[in-house]
2 protein chains.
Amino acid sequence: MEKKPSLRSIAQQAGVSTTLVSYVLNGKMQNRIKPEVAARVREIAKRLNYSPNQIARSLKASKTFTIGLVVADISNPFSSEMARIIEDQADKAGYTVIYGSCDERAEKFQKLIEVFLDRRVDGLIVIPCDGVLPQIQYLQSRDIPFVLVDRYFPDLASSYVALDNYQASFMGTNHLLDHGHRRIGMITLDTQLYHMQERTRGFISALSDVDSSPEQSIVRLREGFSAQDMADAFDILLKRDLPVSALYLTTNKLGMHALKYIHSRKIQVPQELAVVSFDETEFLDLFATPVTQIIQPLQEMGSQAVRILMESIGGNSSFTQLNLQPLLAVRGSSIGGGKRPDFERELVGRTL
Amino acid sequence: MEKKPSLRSIAQQAGVSTTLVSYVLNGKMQNRIKPEVAARVREIAKRLNYSPNQIARSLKASKTFTIGLVVADISNPFSSEMARIIEDQADKAGYTVIYGSCDERAEKFQKLIEVFLDRRVDGLIVIPCDGVLPQIQYLQSRDIPFVLVDRYFPDLASSYVALDNYQASFMGTNHLLDHGHRRIGMITLDTQLYHMQERTRGFISALSDVDSSPEQSIVRLREGFSAQDMADAFDILLKRDLPVSALYLTTNKLGMHALKYIHSRKIQVPQELAVVSFDETEFLDLFATPVTQIIQPLQEMGSQAVRILMESIGGNSSFTQLNLQPLLAVRGSSIGGGKRPDFERELVGRTL
DNA sequence: GTGAAAGCGCTAACAT
DNA sequence: ATGTTAGCGCTTTCAC
């Protein structure tokens with residue numbers, strides 16, 4: 001790999017000092033440099049196809065114009081789409097992104113943070129996973145600028161960009177209530193992450209008027225659940241005295257796998273079971289009946305995250321905490337189907 | 001952001017030179033360093049939570065332990081899954097990945113390459129898009145190690161890891177032939193990219209025994225096609241004297257959109273139309289009838305790409321060109337359905 | 001056994 | 001209007 005030209009190569013060819021070349025190429029001291037010299041330097045730089053060595057620049061400036069991005073699981077479309085938006089926005093601000101997926105594991109998260117810090121990133125955008133609060137606090141103690149995305153810690157004073165998850169769940173559940181459902185089940189993940197707690201809270205809150213024990217309609221699957229786990233969840237909610245007539249899935253992955261199961265068992269949607277899922281995925285439209293989805297404003301989340309990080313890198317030490325509003329995209333999976341009126345009446349009689 | 005400790009901080013605290021600290025921490029000159037000094041240095045380093053500044057190291061060594069990854073379109077699951085695999089493998093080799101998506105645009109590709117070179121990446125892994133041959137040749141002229149993935153240029157002597165696309169198409173088409181189909185349509189992209197040409201070639205070759213003019217059953221959509229474009233494609237293949245009874249989609253995106261259309265028009269699969277699509281996507285399983293897919297060995301492709309790049313970075317100047325074998329995952333969309341025997345017989349009579 | 005010094009490529013304070 | 005010099009943090013040659 002032949003060496004790239006340096007300032008010195010240009011300086012030598014032009015018979016001037018590297019300082020001068022640096023000034024010319026950076027447009028500094030414009031007024032004091034003889035135009036013809038400047039022109040010659042620029043001409044030589046162009047001829048040699050010069051471009052500055054960012055590594056040297058970084059070392060000198062203690063600034064890398066690089067941000068680290070840690071996503072929770074890159075194989076999730078949420079993460080990859082977010083990665084794309086962030087890369088795009090960072091690029092506009094003159095920043096390069098180095099990234100990694102922690103695959104929902106705290107140790108991998110730790111490792112990624114270390115690598116990124118060794119590379120002296122100017123800041124971090126992080127989708128944290130379960131159990132990484134200590135690492136986040138470490139970042140804070142080191143005064144490393146960072147912004148949490150999607151997930152955050154309620155007791156931690158830090159910048160974040162997230163969804164109003166309570167409202168999202170409340171809205172989704174209410175939608176099902178509005179369409180006559182009274183026994184509504186929810187399948188969610190067994191996690192301490194606050195955004196998931198909020199989703200649960202929204203569900204319970206919406207249901208509290210019609211269901212005195214909503215907790216019994218919640219099934220929690222472990223991260224990395226199997227098809228069998230999903231099948232078991234359905235059994236719990238459907239094979240009981242008062243089976244649910246509607247189902248709320250709190251993540252896109254849960255939505256995907258629930259629909260696979262529904263399809264395999266030929267459960268009619270929405271006639272036998274109404275469905276609302278979290279997260280937009282164009283893939284969900286492939287399902288026999290398009291699925292009602294709670295949509296997160298990804299573009300907005302990504303843009304804001306970069307914007308806030310840039311301010312933080314720029315020295316703004318205040319925190320910005322954003323809980324953006326979701327959208328409910330109503331599709332066939334939650335409306336028009338059989339609300340099984342007889343059954344519902346019976347149910348209402350018992351639960352109210 | 002408080003400064004991280006440097007070699008000098010440690011040296012001062014230990015009352016030794018930075019040289020010595022460097023030796024100790026890098027495990028060099030083991031035999032010549034007094035054990036107790038070494039121990040003390042290590043102890044202080046640990047106490048200060050020292051970690052070396054990779055930027056300075058990179059500058060000194062002219063080596064960044066960073067590779068640049070350019071994918072064609074990060075929103076495509078193929079790209080994001082590949083990105084994940086590559087990040088994983090690179091990490092194992094001690095490399096960090098910086099990445100960007102060129103969104104199938106040559107100008108953005110060019111820009112990414114420039115950014116990556118300015119950051120002095122040690123090598124590149126590239127999923128090229130249409131029209132970037134000149135940039136690839138530039139890399140070559142600069143002796144920058146790189147490996148092409150998925151797509152490559154037949155007349156360019158370079159390393160690449162790709163699929164045997166001819167074989168993939170041949171296999172997929174033959175599968176449909178084996179199941180009695182004689183009028184088979186193909187929807188593909190209008191592109192010069194060689195891997196797509198190969199997919200077309202495989203299709204035509206497989207069909208040549210039973211169809212004297214396979215070219216008439218091929219519809220080419222432009223990159224970024226609309227839903228209407230897809231509808232038009234179906235019209236061309238289905239609304240004619242001898243409609244196709246089977247359809248072959250040459251990319252996952254085409255597969256997705258074709259299935260959306262099929263679903264919206266309530267076309268019965270495989271009774272009215274058999275379907276084979278390129279690329280594995282778990283999402284395709286959501287479709288009312290799971291779709292027969294041509295599967296690429298992603299893990300293998302990504303691992304090999306990193307391996308080859310590492311060798312190339314290590315000084316190996318020979319080229320490795322890999323065309324891996326695809327797998328055909330047969331699902332309900334291509335078998336058991338109506339082969340419409342009467343119709344087929346008529347067809348065979350005419351075309352043979 | 002250990003340290004001084006040079007240098008990677010760049011920028012900027014300080015000459016001249 | 002331009003050049004000298006120092007230094008970012010590290011590695012490594014060479015000297016003691």
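Letters A, B, ... mirror the listed sequences (proteins, then strands); counts begin at 1.
- Remark: Arg57(B) is in phosphate contact with dT11(D), judged by side-chain N or O atoms under 4.0 Å from OP1 or OP2.
- Contact check for Ile10(B) versus Leu48(B): side-chain heavy atoms found under the 4.5 Å cut-off.
- Contact check, Lys28(B) against dT11(D): no side-chain N or O comes under 4.0 Å of OP1 or OP2.
- Atom CG in Asn31(A) sits about 8 Å away from atom P in dA1(D), given to the nearest Å.
- When each of Ala61(B) and Ala38(B) is assigned the nucleotide of DNA chain C with its nearest heavy atom, Ala38(B) is the one assigned upstream, toward the 5' end.
- Rounded to an integer number of Å, the gap from NZ of Lys60(A) to C1' of dG9(D) is 12 Å.
- Taking the side chain as every heavy atom from C-beta outward, Glu223(A) and Asp130(A) never approach each other to under 4.5 Å.
- Rounded to whole angstrom, the span from the CG atom of Leu25(B) across to the P atom of dC10(D) amounts to 9 Å.
- Nearest nucleotide to the Val37(A) side chain, out of dT2(D), dG9(C), dG9(D): dT2(D).
- For Ser17(A) and dG3(D), the shortest distance from a side-chain N or O to OP1 or OP2 is below 4.0 Å.
- Cation-pi geometry between Lys63(B) and Phe65(B) is met: the NZ or CZ atom falls under 6.0 Å from the ring centre, inside 45° of the normal.
- Following rounding to the nearest Å, Met29(A) (CE) and dG3(D) (P) show an atom-to-atom distance of 14 Å.
- Between the side chain of Ser22(A) and the base of dA12(C), no donor-acceptor pair of N or O atoms lies under 3.5 Å.
- Side chain of Leu20(A), nearest nucleotide from dT2(D), dG9(D), dG9(C): dT2(D).
- Residue-level contact check: Leu7(A) touches the bases, meaning some heavy atom is under 4.0 Å from a base atom.
- Both Thr18(B) and Lys34(B) lie close to DNA chain C; mapped to their nearest nucleotides by heavy-atom distance, the more 5′-ward contact belongs to Lys34(B).
- Closest-nucleotide positions on DNA chain D for Tyr23(B) and Leu59(B) were compared, and the one nearer the 5' end corresponds to Leu59(B).
- At whole-Å resolution of the value, CD in Gln54(A) and P in dC10(C) are 10 Å apart.
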- Criterion side chain to side chain contact (heavy atoms under 4.5 Å, CB included) on Val161(A) and Val147(A), from CA distance to verdict: CA-CA 7 Å; Val161(A) 180; Val147(A) 177; 4.2 Å; yes
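- Within the 3.5 Å criterion, the main-chain N or O of Gln54(B) finds a donor-acceptor partner in the side chain of Ser58(B).
- Listed candidates were dG3(C), dA1(D), dG9(D). Nearest to the side chain of Asn53(B) is dG9(D).
- Rounding to whole angstrom units, CG of residue Leu117(A) and C1' of dG9(D) are separated by 17 Å.
- Remark: the Thr19(A) side chain and the dT4(D) base include a donor-acceptor N/O pair separated by less than 3.5 Å.
- For Tyr152(B) and Tyr194(B), the distance between ring centers is under 6.0 angstrom.
- At a threshold of 4.0 angstrom between heavy atoms, the contacts of Ile33(A) are confined to the sugar-phosphate backbone, with no base atom among them.
- Listed pair Tyr50(B) / dG9(D) fails the phosphate criterion, with no side-chain N or O lying under 4.0 Å from OP1 or OP2.
- To the nearest angstrom, P of dG7(C) lies 24 Å from NZ of Lys63(B).
- Atom-to-atom, NZ of Lys4(B) to C1' of dG9(D) comes out at 13 Å; the value is rounded to the nearest Å.
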